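First the structure, then my questions, so here it is.
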Amino acid sequence: MIDFYELSEKARDFFSQRQKALLLSSILAVFFFAALIAMIFIPQKPKSPPSSNFKSEPLEADQELLLPQGVSIPLEYAVSRETKERWSDGQVEEWLMEPDQEAVKKLSDANDFMIKSLMEAAP
């Protein structure tokens with residue numbers, strides 16, 4: 001627990017040995033309270049919105065407008081392609097693989113679990 005009597009004795013001893021510290025502390029305290037009182041009692045002017053009396057001259061173009069240059073696309077870059085009705089055998093071998101029995105079983109179990117969860121949640 002804080003003993004205020006002991007604290008005040010220590011402060012009194014400190015400032016009795018250092019008169020400059022006491023003087024500086026007193027001056028700072030007076031300025032702090034003066035600024036605090038000034039902030040409370042001096043009314044602040046509300047900032048008024050900017051006036052809308054500003055009128056500008058209409059813009060008249062004296063030169064032709066220049067459009068910015070677009071992104072350059074290399075000639076070998078294909079923006080779109082024609083899709084074929086069927087894949088070639090090479091494409092089928094490259095992009096598709098036959099699932100093994102373990103993968104089919106895992107997929108079947110996951111589907112069964114989802115269906116069971118939906119059926120349990122149905123009213």
Side-chain angles (χ1 to χ4, degrees):
M1 184 161 216
I2 299 175
D3 185 14
F4 289 107
Y5 180 74
E6 183 181 338
L7 189 64
S8 65
E9 286 293 321
K10 287 182 180 181
R12 188 177 305 131
D13 290 341
F14 176 77
F15 286 120
S16 66
Q17 295 171 1
R18 295 172 181 88
Q19 282 85 17
K20 287 184 181 180
L22 176 65
L23 181 65
L24 184 62
S25 300
S26 302
I27 291 172
L28 286 175
V30 168
F31 279 124
F32 174 74
F33 286 119
L36 185 65
I37 290 172
M39 287 175 47
I40 293 173
F41 291 113
I42 296 177
Q44 299 289 328
K45 290 184 179 179
K47 292 185 178 181
S48 60
S51 63
S52 60
N53 296 340
F54 178 74
K55 293 182 182 177
S56 64
E57 297 292 323
L59 179 65
E60 293 181 15
D62 57 346
Q63 295 179 353
E64 185 177 333
L65 293 177
L66 298 175
L67 297 177
Q69 293 181 351
V71 178
S72 62
I73 299 174
L75 295 176
E76 64 272 2
Y77 184 79
V79 179
S80 64
R81 65 181 180 91
E82 293 180 20
T83 56
K84 298 179 181 175
E85 298 250 348
R86 295 181 54 114
W87 283 9
S88 68
D89 291 336
Q91 288 175 326
V92 170
E93 288 178 17
E94 181 180 356
W95 297 107
L96 295 179
M97 66 177 191
E98 189 73 28
D100 58 350
Q101 291 298 325
E102 184 180 335
V104 172
K105 177 71 175 148
K106 284 183 182 178
L107 181 62
S108 175
D109 291 343
N111 287 340
D112 290 343
F113 178 75
M114 288 175 57
I115 291 171
K116 182 180 176 186
S117 299
L118 287 172
M119 294 303 285
E120 288 175 352

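If you're wondering where the values come from, they're calculated on a predicted model, not measured in any experiment.
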Quiz prompt | Pairs where residues 90-117 contributes a residue and the test side-chain hydrogen bond (donor to acceptor under 3.5 Å, both in side chains) is met, not counting sequence neighbours | solution = Lys105-Asp109

Quiz item: Quick one: CG on Leu7 to CZ on Arg12, what's the gap to the nearest 0.5 Å?
Solution: 11.0 Å

Could you pull out all donor-acceptor pairs under 3.5 Å where a side-chain atom in residues 25-33 meets a protein atom, sequence neighbours excluded?
residue	atom	partner	partner atom	Å
Ser25	OG	Ala21	O	2.8
Ser26	OG	Leu22	O	2.8

Quiz item: Residues in side-chain contact (heavy atoms from CB on, under 4.5 Å) with Glu64, at least two apart?
Solution: none

Self-check item: Hphob cluster co-occupancy, Ile42 + Leu36, side-chain heavy atoms under 4.5 angstrom
Solution: no

